[in-house]
Every structure is written in C-alpha cells, then in structure tokens.
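Proteins come first, then strands; the chains are lettered A, B, ... in the order of their sequence lines, and each starts at number 1. Side chains are part of it too, since the values below use all heavy atoms of this structure and drop only hydrogens, waters and symmetry mates.
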Protein chains: 2
Amino acid sequence: MVQIPKPAAPPPSVPRSVPTSADVARLAGVSRATVSYVLNNTRAVRISEPTRRRVQEAAEELGYVPHAAARSLRAGHSRTVLIPAPSVPAGALYGRFLDELQGALGRLDYTVVQHGTAGPHGDEAARVWAELRPVAVLVPGSGLGPRGVAVLKRSGARAVVTLGPEAVEGAHGLLMDHESVGHRAGAHLYDRGRRRIGVVVPEESGLEVFSRPRLAGVRRALDGTDAGVTELPLGYDEDCAARLAARWRDLGLDAVFAYNDEYAMLLMRALQDVDVRIPEETAVIGADDLMLGRLLRPRLSTVHIDLPSGRDLAELVDRAVRNPGAPPERHPVLGARVVHRESS
Amino acid sequence: MVQIPKPAAPPPSVPRSVPTSADVARLAGVSRATVSYVLNNTRAVRISEPTRRRVQEAAEELGYVPHAAARSLRAGHSRTVLIPAPSVPAGALYGRFLDELQGALGRLDYTVVQHGTAGPHGDEAARVWAELRPVAVLVPGSGLGPRGVAVLKRSGARAVVTLGPEAVEGAHGLLMDHESVGHRAGAHLYDRGRRRIGVVVPEESGLEVFSRPRLAGVRRALDGTDAGVTELPLGYDEDCAARLAARWRDLGLDAVFAYNDEYAMLLMRALQDVDVRIPEETAVIGADDLMLGRLLRPRLSTVHIDLPSGRDLAELVDRAVRNPGAPPERHPVLGARVVHRESS
DNA sequence: TTGAAAGCGTTACCAC
DNA sequence: GTGGTAACGCTTTCAA
C-alpha cells in the first residue's frame with residue numbers, strides 16, 4: 001500500500017486539524033522560525049514590519065494558539081504551580097485563602113493548576129503530580145511524606161511547600177499550628193472558670209489531621225489542672241447533633257470547643273433546641289472566625305487564625321523557585337488568638 | 001571554544017537533571033522503545049521477563065516519572081478536562097458540586113485541572129486555556145462567548161460545556177435557570193399574601209450574572225398583580241446589613257427574597273437586631289438550601305436548586321468527547337422548588 | 001532579515 | 001522479542 005505523506009489539499013473549508021506554527025508559516029509565506037520570532041516578540045531579532053503583519057494576520061485567520069506542552073518541553077521548564085485539591089472538603093477559610101493565593105501567583109506570572117487527584121493518596125499521588133512537571137507544588141493537608149517530596153524534586157520541582165500541621169523533610173513548610181488553636185481554646189475556657197470541657201471531633205474522615213492536634217492542644221492546656229476533657233465525636237448533620245444534645249446533661253459538661261465555627265453553629269443550635277442555656281450552662285467556642293459566628297446569638301466566641309496572606313505565600317514560592325538550593329523555610333503560622341464574644 | 005556534546009561522566013551521586021526514559025534505557029542496557037513497552041505494559045509486544053525486570057528496577061532506581069507533556073505531544077491528545085476557577089467567590093453549593101464532579105471525571109479517567117485565570121476574562125481567557133490543549137472545557141458562570149468557544153474548539157477541545165445562565169453558540173450547556181429561582185421565590189411570597197417585596201441584590205461584583213435573572217424572575221412572578229418589587233443592594237458585610245435594617249421600616253416591605261441563604265442569614269440577623277419580627281412583619285426567603293438555613297431561628301425558607309449530580313455532568317462530558325460531532329446538548333437545570341420553613 | 005536544522009521526551013511503526 | 005527511527009509542536013542557535 002502506498003503511504004501518502006501528506007493529504008494533498010485538505011479542503012480549506014474544513015480545517016479539521018489544529019493549526020500549528022507551521023501552518024501559520026505556510027500561510028504567511030515565511031519560515032517557522034520567523035513565526036516564532038514575531039509571535040513571541042523576540043527582541044534579539046528584528047523582523048520587518050510587513051513580514052510581521054503578514055504573520056500576525058495569518059495567525060489570526062487560522063485561529064492559531066501556541067501549544068503550551070510543546071513550548072515547555074522545548075524550554076525544559078514550565079511556570080506551573082501545582083496545587084492538589086484537598087481530598088477533604090476544606091472550610092470556607094481555606095477557600096478564600098486559595099483564591100487570594102491564586103491571584104498572587106498569577107501576578108508573579110505563574111500558572112496555577114489545581115489538580116483533582118481522584119484515586120491515589122500521599123506519596124502515590126506525588127508520582128501523578130510529578131508527571132505534570134510543575135516548577136512548584138503546594139500541598140495542603142498532610143499525607144505527603146519525604147518519599148513523595150523526593151519524587152517531586154527529582155522530576156524537576158524546584159519547590160515543594162506543605163501546608164499541613166507538620167514539617168516534611170526536604171519541603172518548605174507553612175506549619176499550621178492546630179495544636180495551639182486547641183490550646184488557646186482550652187486555656188480560654190479554663191480561665192472563664194470551666195472545668196468539664198468537651199471537644200468536638202468531626203466524624204468526617206480526613207479531618208483528623210486537624211482535629212487531632214486541636215484536641216491535643218486542649219489537653220495540654222488543661223494538663224495538671226483540675227479540669228477534664230471529654231472527646232465528642234460528631235457528624236456534620238442535624239441528626240447527629242440532636243442525638244448529642246439529647247444526652248448533653250448526662251455528660252455533665254460546662255463547656256465545649258466545637259472544632260470550628262461551622263460545627264459550633266450546628267451544636268449550639270442543637271443545644272438551644274433542648275434548652276441548654278449558652279453560655280450560662282455550657283460555654284461554646286469555635287474556630288476560624290467565620291462571618292457566621294458573628295451572626296449567631298449569642299455571638300460565637302472563636303479562635304481566630306492568622307493565615308499568611310496569599311501574597312506572602314506566593315512570595316515564598318517564588319523565592320524557593322529562584323533559589324532551589326536554599327534550605328527549606330519553615331514558617332510556623334502563629335497568630336491563633338481567642339476572639340471572645342458572648343457564647344463563652 | 002570546543003562544544004562538548006555530552007558531559008562525559010556526570011558523578012552518579014549528583015543526578016542533577018531529571019531522568020528520562022533514555023536514562024532508564026541506558027541503565028537497563030536496552031533501547032528506549034523497550035522501556036516504553038515495559039512501562040506501558042504494551043500488550044502487542046512480548047518482552048522477556050528478565051528484561052522486564054531490569055527495566056523496572058532501573059526506573060525505580062532513577063526515580064523515573066514519565067513526562068506528561070511529551071506523552072500527550074506525541075499522542076496528539078490528552079485527557080485533561082479544564083475547569084477555570086470562577087472569578088467570583090462561588091458559594092458552598094458550587095464547591096460541593098465541583099468536588100463531586102472531579103471525582104466522577106477522575107473515575108472516567110480524565111485528569112481534572114482547575115485553572116486560576118489571573119488576568120483576562122471571557123474570550124481573552126479562552127486563548128490561555130486553549131494553550132493547554134484540554135480535551136474538554138467546563139466553564140462556570142458566563143463570560144465566554146461564541147468566539148471563545150470557537151477558539152477552544154479550533155485548538156482541539158472536543159467539548160465545551162458552559163454552566164452559566166444562558167446557552168452559548170457551539171457549546172453544550174447546563175442552563176442554570178436563575179430566573180425561575182426568582183420566580184419561585186416571588187410566587188411563594190405572593191401566595192403567602194405578601195405584596196411589597198424586596199429583592200436583595202449583592203453589591204459584590206461578578207454576582208450580577210446570578211442576581212439579575214433572579215430579580216427578573218421575581219418581577220415576572222408579580223407582573224400584573226397588585227404587588228411591587230423593590231431592589232435592595234447589599235454588600236456581604238455586617239455594617240451594610242445594619243444600615244439596610246435601620247431604614248427597613250421606612251421601606252415599608254412585608255417580604256424579602258435575599259438572593260441566597262448566606263445573604264438571607266446576614267439580613268435576617270440585622271432585621272432581628274432592630275426588632276423586625278420574622279415572619280410576621282417581614283417574610284424572608286433565601287436560596288440554595290444550605291445547611292445553615294435549617295439552623296437559623298426561625299428556620300429559613302429557601303429555594304432548593306436541584307443541580308445535576310457530578311456523575312451526570314461527567315457523563316455528559318464523556319459523551320461529548322466521544323462524539324464531538326453531535327449537536328450541543330442543552331440541559332435546562334430545573335428542579336428549583338421552594339422549601340417552606342418558618343421564615344416566610 | 002530570514003531560513004535550515006537540531007532537539008526537548010515520548011511512542012508507534014518497521015526492520016532485524 | 002528487540003532495537004532503530006521518525007514524528008508530535010515548538011524555540012533557538014547558526015549560517016546565509
């Protein structure tokens with residue numbers, strides 16, 4: 001059979017295939033090099049104005065769009081910052097933070113890509129991420145170990161930043177100190193004279209990364225005092241909350257740290273429905289300082305967490321990319337502080 | 001100066017560059033082709049077990065990870081579904097929907113990429129998206145016109161699906177019928193005997209796409225009746241809400257459709273703070289049927305919106321990718337219905 | 001000022 | 001069974 005090297009004359013009315021720079025060159029009557037020069041505004045080479053125009057018109061007419069993969073393959077690097085989508089429905093706080101971060105990275109000329117990892121987790125997922133050859137990877141939550149970091153770095157990632165509670169070897173870290181969130185909450189309740197303190201632990205899987213250190217923080221705050229801590233598993237669901245509220249008086253608690261503001265709202269409502277007076281009978285404190293806490297009655301006390309601005313984190317990434325040899329930066333995210341309102 | 005073609009012996013302790021399949025082949029003592037066969041489990045070719053093993057061990061040792069860009073460049077297509085991050089802080093409803101969709105697409109073996117477009121909007125942005133050569137693009141909100149769709153299709157996107165309120169030429173569409181959301185709310189309030197109806201219109205920019213049709217829907221519901229509609233601009237902010245509440249009695253309204261549950265909560269609280277009785281004095285209804293509405297007192301009436309499941313949308317995408325010639329599917333998202341609780 | 005050609009990492013088609 | 005080789009789309013030296 002004869003192999004036809006190229007379809008002789010593809011009817012111009014049906015441009016089935018995606019136009020390439022070669023097509024543009026052909027139409028403009030120049031070489032592919034010239035097309036590249038014109039479309040990238042290469043300063044080192046001067047192209048005559050008429051040629052320039054012909055190329056631009058040809059590109060326009062064909063609807064030519066450069067192929068990012070081919071470009072970065074040739075260049076040997078990309079400016080893609082990969083942010084795996086958290087496997088856990090993260091809170092509203094994280095959502096806002098992410099938006100801000102995306103904007104800031106965009107302004108530094110990075111392309112932000114959020115990758116929804118369907119299957120594998122942790123170090124498994126790192127291999128998938130590495131296939132995309134990002135220049136930097138920002139990993140929320142925990143789950144990535146030193147092995148995963150190594151995989152990413154070996155495949156060209158110049159910066160790996162974890163946003164989880166603990167530092168990972170080889171990676172920069174924004175260390176969310178959830179333990180101190182719990183500590184602040186526990187100390188606050190203790191100072192207000194509470195001694196039998198409940199701590200809500202969400203039943204939703206994946207949230208343990210945050211809830212465990214928060215619980216530990218409360219424990220540490222009350223360690224060596226006459227106060228006791230009771231763990232309260234709770235699903236994010238009206239029924240679960242109602243069931244917990246139903247046995248509230250048997251629990252004999254005088255305060256509760258409700259993991260975050262959303263769980264606090266859920267629990268507070270359930271308690272009010274069974275006539276537990278807040279804060280007289282039971283004090284309630286949440287965390288994250290969401291708007292909704294201010295709208296509740298009584299107004300919800302909360303632990304405000306000072307996340308770094310998206311700009312700060314974007315600059316950390318940029319710094320790390322520019323200087324990949326530098327030792328990992330570890331930024332403890334401080335600034336957890338109690339906002340005392342009416343519920344405690 | 002003499003150009004050295006290849007560094008003679010890069011010290012194996014410092015593998016500075018990213019390992020390629022050629023490196024694996026070299027280490028295993030086979031050709032690149034064989035490496036490809038082994039690592040991709042190519043059925044058509046049988047590779048001897050010892051060779052197989054050698055290749056796998058070499059890949060393991062080098063920490064080889066295939067280069068997705070090179071692969072899809074060679075293959076001529078990718079399985080990337082691009083979802084631009086909405087320029088607007090979308091609500092919690094959309095967030096959950098997106099999570100579900102990501103999972104469903106992942107299960108169909110697509111790679112979901114959320115692209116945070118920093119700068120340009122609409123058809124401008126389409127060019128940037130097209131550079132990534134996605135097999136499908138899912139555009140939330142409006143802003144993409146027929147030109148943008150054409151750009152995407154010409155650069156190889158086999159499916160473009162818009163999630164906005166109106167159909168776009170050439171694109172499949174999940175038509176969020178926000179007009180009928182407003183219509184349902186308006187009709188409900190009218191049926192409850194309300195005649196002077198306020199409609200909250202968020203001041204946050206970008207939300208007009210949703211708020212305008214919702215307002216129009218209320219207007220249509222009350223058209224030709226003795227009821228009147230008052231537009232109420234409101235920023236998502238306690239102060240704005242307080243200012244609006246302060247002049248509430250001057251407005252003389254007996255009902256309000258608060259755009260969505262979050263704005264409803266904000267406004268309801270502000271009204272209660274100035275002793276406007278709900279629902280006696282003013283009925284309040286929101287939209288989106290968020291959990292928080294059930295937790296408010298009085299319980300918040302709302303318009304529940306039946307979004308298609310992530311699985312449904314994933315299947316629409318898959319169908320469209322498999323059969324790009326098919327005419328655009330237009331799915332009106334129906335199922336807006338009032339959930340009557342206590343606030344109206 | 002423009003063109004020819006090499007090469008980025010991968011895979012598929014043919015020979016051996 | 002295994003190994004060359006070409007090609008995907010792009011940029012960039014080098015040469016004309």
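Base engagement by Val45(A) is indicated by at least one non-hydrogen atom pair under 4.0 Å involving a base atom. Across all strands, Leu73(B) comes closer than 4.0 Å to base atoms (heavy-atom distances).
Closest-nucleotide positions on DNA chain C for Arg52(A) and Arg32(A) were compared, and the one nearer the 5' end corresponds to Arg52(A). Summary of the strand contacts: Ala70(A) and Arg46(B) both lie near DNA chain D, and taking for each the nucleotide with the nearest heavy atom, the more 5' one is attributed to Arg46(B).
The separation between Asn40(A) atom CG and dT12(D) atom P is 7 Å, rounded to whole Å. We find that CZ of Arg53(A) is positioned 14 Å from P of dT2(C), with the value rounded to whole Å. Leu39(A) places its CG atom 15 Å from the C1' atom of dT12(D), with the value rounded to the nearest Å. Residue Ile47(A) contributes atom CD1, which lies 14 Å from atom P of dT11(D) at whole-angstrom precision. Taking atom CZ of Arg26(A) as the reference point, atom P of dG9(D) lies 11 Å away to the nearest angstrom. With rounding to whole Å, Asn41(A) atom CG is found 16 Å from dT1(C) atom C1'.
Checking dG1(D), dT1(C), dC10(D) against the side-chain heavy atoms of Ser48(B) singles out dG1(D) as nearest. Of the candidate nucleotides dC8(C), dA7(D), dG4(D), dA7(D) has the atom lying nearest to any side-chain atom of Arg74(B). Of all nucleotides listed (dT12(D), dG9(C), dT2(D)), dT2(D) comes nearest to the side chain of Thr34(B). Distance from the side chain of His67(A) is smallest for dG9(D) among the nucleotides dT10(C), dT12(D), dG9(D).
Partner Pro134(A) forms a side-chain contact (heavy atoms from CB on, under 4.5 Å) with one of Val113(A), Ile83(A), Leu82(A) and no other, that one being Leu82(A).
Arg71(B) has a side-chain polar atom (N or O) that falls below the 4.0 Å cut-off from OP1 or OP2 of dT11(C). Ser36(A) has no side-chain polar atom (N or O) that falls below the 4.0 Å cut-off from OP1 or OP2 of dC10(D). Taking side-chain N and O atoms only, Tyr37(A) has no distance below 4.0 Å to OP1 or OP2 of dT13(D). Contact annotation: Thr20(B) side-chain N/O to dG9(C) OP1/OP2 distance is not under 4.0 Å. Here Thr51(A) does not reach the OP1 or OP2 of dT1(C): none of its side-chain N or O atoms lies under 4.0 Å away.
Salt bridge status for Arg96(A) with Glu100(A): absent, with no side-chain N to carboxylate O gap under 4.0 Å. Between Glu49(A) and Arg53(A), no side-chain nitrogen of the basic residue sits less than 4.0 Å from a carboxylate oxygen of the acidic one, so the salt-bridge criterion is not met. A salt bridge links Arg26(A) to Asp23(A): one of the charged nitrogens lies within less than 4.0 Å of a carboxylate oxygen.
The CD1 atom of Ile47(B) lies 8.0 Å from the OG1 atom of Thr42(B); values are rounded to the nearest 0.5 Å.
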